[in-house]
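Here's the structure, in structure tokens; my notes come after.
The structure displayed is predicted, hence computed values, not measured ones. Just so we're on the same page: letters track the sequence lines, and every chain starts at 1.
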Amino acid sequence: MNKEQNKFKRYTVTSALPYANGPIHIGHLAGVYIPADIYCRYLRSVGEDVIFIGGSDEHGVPITIKARQQGVAPQDIVDKYHKIIKKSFKDFGISFDVYSRTSAKIHHETAQEFFKNLYDKGEFIERTAKNYYDEKENQFLADRYITGTCPHCDYEKAYGDQCENCGTSLSPTELINPKSALSGNVPVLRDTKHWYLPLDKYESWLREWIVEGHKDDWKPNVYGQCKSWIDLGLKPRAVTRDLNWGVEVPVEGAKGKVIYVWFDAPIGYISATKEWAKETGKDWKPYWKSEDSKLVHFIGKDNIVFHCIIFPSILKKEGSYILPDNVPANEFLNLENDKISTSRNWAVWLHEYLEEFPGKQDVLRYVLTANAPETKDNDFTWKDFQAKNNNELLAIFGNFVNRTIVLTHKYFAGKVPALSNLDEIDKAVINELKTFPDKVASSLGKYRFREAQAQMMNLARLGNKYLTETEPWKQIKTDENRVKTILNISLQICGNLSILCEPFLPFTADKLSKMLNLSKLKWKDAGNENILKSGHQLEKPAYLFEKIEDKAIEEQVQKLLDTKKENAANEVKVNPAKEDVNFDDFSKLDIRTGTIIEAEKVPKTKKLLKLKIDTGIDQRTVVSGIAEYYKAEEIIGKKVSILVNLAPKKLRGIESNGMILMAENEQGELCFVSPTQDFRNGSEVK
RNA sequence: UGCGGGGUGGAGCAGUGGUAGCUCGUUGGGCUCAUAACCCAAAGGUCGUAAGUUCGAAUCUUACCCCCGCUACCA
């Protein structure tokens with residue numbers, strides 16, 4: 001990173017704005033906030049001019065859905081979570097210079113200014129299209145607010161954007177029998193005008209900037225994703241929506257429309273900077289508009305396209321802004337082998353952790369950094385959490401500091417003893433000590449936080465080894481000067497640790513500095529073997545880390561097991577009965593008993609089996625989406641119920657004549673609805 | 001389906017053509033200043049599968065398998 005110090009005068013570091021429909025969990029922390037915080041703390045220690053930006057993303061459809069579910073206003077939802085999120089970040093030591101929110105006035109103004117600017121320049125395309133409108137609720141319906149029957153698989157509860165049964169992406173107009181999720185009404189199509197950002201026109205400069213310009217310095221996952229998007233061809237993207245929650249579109253003829261969240265959210269970084277400038281009396285502009293500022297976006301992998309393609313396009317077209325120098329996106333973190341999920345409550349929530357493990361912020365920071373999903377998805381387990389605390393933080397770091405300070409108090413009344421003649425081993429250790437700051441800094445400059453943290457820990461390992469090899473507790477009997485030298489050097493290592501660990505373990509750094517009776521040292525002081533002068537008085541030793549007992553871990557595991565149980569219990573809710581049909585309608589269905597006589601997997605599909613069924617009437621081919629639950633060879637000979645007069649349909653090029661009746665539970669698991677006795681094939685089901 | 005990322009000893013990772021390395025765990029030994037912590041040593045891997053290029057492949061090529069994302073704005 002040293003070279004860059006010449007190139008950049010200041011750093012603008014953003015962390016993805018958490019969506020304000022839930023609290024913060026370990027996935028957010030490991031993916032975005034901890035690495036960003038480490039980076040910023042390091043830069044500050046080096047003495048760089050850096051602003052670290054965060055804030056809540058408070059617009060968008062999901063928040064309106066949640067508000068409606070709970071019968072409150074969207075503002076109530078975001079107020080609630082913004083407060084929780086902001087506090088938990090603060091208590092956890094995420095060192096934002098500003099934590100703002102997109103419902104703030106300054107943000108609405110900034111986003112509108114941006115929109116107006118691009119609008120006036122004629123950057124947007126205007127298109128009028130027909131969208132579904134709910135006449136009862138007097139509003140246009142977001143894709144997600146429309147349900148209907150999927151045209152591909154006949155699933156009746158498909159959403160306007162996707163069918164969750166067959167996984168196909170849909171547009172609302174493809175749905176058969178669309179219904180408004182708000183009122184249950186049948187929506188009507190109405191013309192509505194929207195503005196689009198013509199990303200297709202930006203392809204050539206994006207290609208030059210990313211594909212050629214950032215081939216070597218962006219992470220493979222980020223670069224690969226961007227290249228793929230650009231190669232496939234970009235399409236215009238709508239920047240407005242028909243919704244009553246968000247930043248109003250500031251042009252004529254846009255009543256009842258708001259700026260689409262993905263357009264307004266990243267602008268939140270800029271509005272937050274303005275807010276910070278106002279509070280501190282500084283100028284925000286250099287951080288965003290000066291070529292000698294380095295802009296870095298910390299995000300998760302799901303945000304790559306927005307931060308690498310769309311937001312830079314907006315900045316570029318506005319004209320006066322700088323582009324990100326790097327976008328170090330992390331992959332995802334799982335929890336105990338399962339995807340983290342807000343809606344399923346499958347998470348370790350930060351605000352709960354802070355209450356249940358008071359004073360242990362650094363333990364979580366350490367574990368999440370050591371396990372950070374930098375190159376691929378990773379897993380957080382409580383057992384690993386315990387092991388990393390007990391076997392690494394405590395055993396290596398905490399123990400080294402403790403034994404050094406305890407010995408100093410024991411032999412020299414807590415005063416730093418003087419160095420005398422250096423042996424070979426002393427010189428070797430001092431020389432090695434000097435290499436650490438650069439090693440850690442070099443890894444940080446490459447956004448390799450795991451590696452950087454491991455380097456820092458190696459310094460503590462060096463200390464333990466040094467003590468064991470020099471054995472001051474034996475030397476004290478014969479050679480006190482020798483012990484003075486050994487402890488002096490050991491204490492210098494402790495002093496260095498307090499500096500090097502600060503970006504990773506800020507609370508520990510603070511405790512350690514106090515124990516060493518040092519005022520806040522900076523990065524430039526590290527690598528020095530004379531941080532603590534001889535005669536300097538130390539404070540009494542205190543443990544930096546405590547052992548985490550099995551009981552605490554078992555409680556957390558039990559909490560997760562309870563969540564699983566609760567989820568299972570919630571899932572037994574049964575859908576209400578559908579509308580009545582008369583007997584004539586029912587008797588149109590011809591359902592028979594039959595036997596599966598052949599079965600094979602349809603190649604290159606996940607779910608489909610090609611079956612041959614003896615229906616009593618004939619032997620026919622049926623394609624059925626059950627391969628995830630039944631293996632072909634297991635179901636040959638199985639008795640089934642089959643709808644025989646369903647119109648034929650081609651699936652993957654194979655004509656399917658009929659449908660096997662299956663029951664489906666809330667997990668989507670399937671089970672045959674079969675005759676319980678060996679009934680003759682072709683018997684009618686009535 | 002396509003595209004992108006990943007698949008390395010029990011766990012987490014490094015390693016882009018030349019004898020497979022690190023941390024934790026395990027086993028044995030040493031030490032006793034230290035929160036049974038520390039230090040040393042050992043065991044443990046046919047580097048997802050198969051074929052190919054090469055004197056030589058974890059590393060390059062091709063095919064396939066598995067996990068995750070793009071694809072419920074949950075990082």
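- Protein atom CD of A/E546 is 19 Å distant from nucleotide atom P of B/A34, rounded to whole Å.
- Using cut-offs of 30° and 60° on the angle between ring planes, the pair A/F357 and A/Y353 is parallel.
- Across the P atoms, B/A43 and B/A20 are found 15 Å apart, a figure rounded to whole Å.
- Rounded to a whole angstrom, the distance from the C1' atom of B/A58 to that of B/C47 is 4 Å.
- Remark: side-chain polar atoms of A/Q475 are not paired, donor with acceptor, to backbone N or O of A/V483 under 3.5 angstrom.
- Ring geometry for A/F298 against A/Y447 counts as perpendicular: the plane angle is over 60°, on a 0 to 90° scale with 30° as the lower cut.
- Of the candidate nucleotides B/G69, B/A14, B/C39, B/G69 has the atom lying nearest to any side-chain atom of A/D302.
- Between A/F311 and A/H307, the ring-plane angle classifies as perpendicular under the 30° and 60° cut-offs.
- The stretch residues 385-392 of chain A comes close to RNA chain B through A/N391, A/E392, each having a heavy atom under 4.0 Å from the strand.
- If you measure from atom CH2 of A/W346 to atom C1' of B/A72, you get 21 Å, rounded to the nearest angstrom.
- The closest donor-acceptor contact from the side chain of A/E212 to the backbone of A/R207 lies at 3.5 Å or more, if one exists at all.
- Distance, A/L394 CG to B/A36 C1': 11 Å, rounded to whole Å.
- Separation of the P atoms belonging to B/U8 and B/U49 is 10 Å when rounded to the nearest angstrom.
- With both pairing distances under 3.5 Å, B/C60 is matched to B/G52 as a Watson-Crick or G-U wobble pair.
- Protein atom CG of A/N399 is 11 Å distant from nucleotide atom C1' of B/A36, rounded to whole Å.
- Nucleotides B/G21 and B/C31 place their C1' atoms 28 Å apart, quoted to the nearest Å.
- The residues A/E546 and A/K360 are annotated as salt-bridged, a charged nitrogen and a carboxylate oxygen being separated by less than 4.0 angstrom.
- Backbone-only engagement by A/Y19 is indicated by non-hydrogen atom pairs under 4.0 Å involving sugar-phosphate atoms exclusively.
- Of the candidate nucleotides B/U32, B/U35, B/C33, B/C33 has the atom lying nearest to any side-chain atom of A/V406.
- B/G7 and B/C13 have their C1' atoms separated by 13 Å, with the value rounded to a whole Å.
- Atom C1' of nucleotide B/C74 and atom NE2 of A/H28 are separated by 6 Å, given to the nearest angstrom.
- Straight-line distance between the P atoms of B/U61 and B/C22: roughly 29 Å, to the nearest whole Å.
- Going from the P atom of B/A14 to that of B/A57 covers 24 Å, rounded to whole Å.
- Residues satisfying the salt bridge (charged side-chain N to carboxylate O under 4.0 Å, His left out) criterion with A/D423, sequence neighbours excluded, are A/R482.
- Regarding A/N402, its CG atom lies at a distance of 18 Å from the P atom of B/U32, rounded to whole Å.
- A salt bridge links A/K301 with A/E331: the distance from a Lys NZ or Arg NE/NH1/NH2 to an Asp or Glu carboxylate oxygen falls below 4.0 Å.
- Atom-to-atom, NE2 of A/H307 to P of B/C70 comes out at 15 Å; the value is rounded to the nearest Å.
- B/A41 is paired with B/U27 under the criterion used here, namely a Watson-Crick or G-U wobble arrangement in which both key atom distances are under 3.5 Å.
- Here the separation of B/U23 from B/C70, taken at their P atoms, is 36 Å to the nearest Å.
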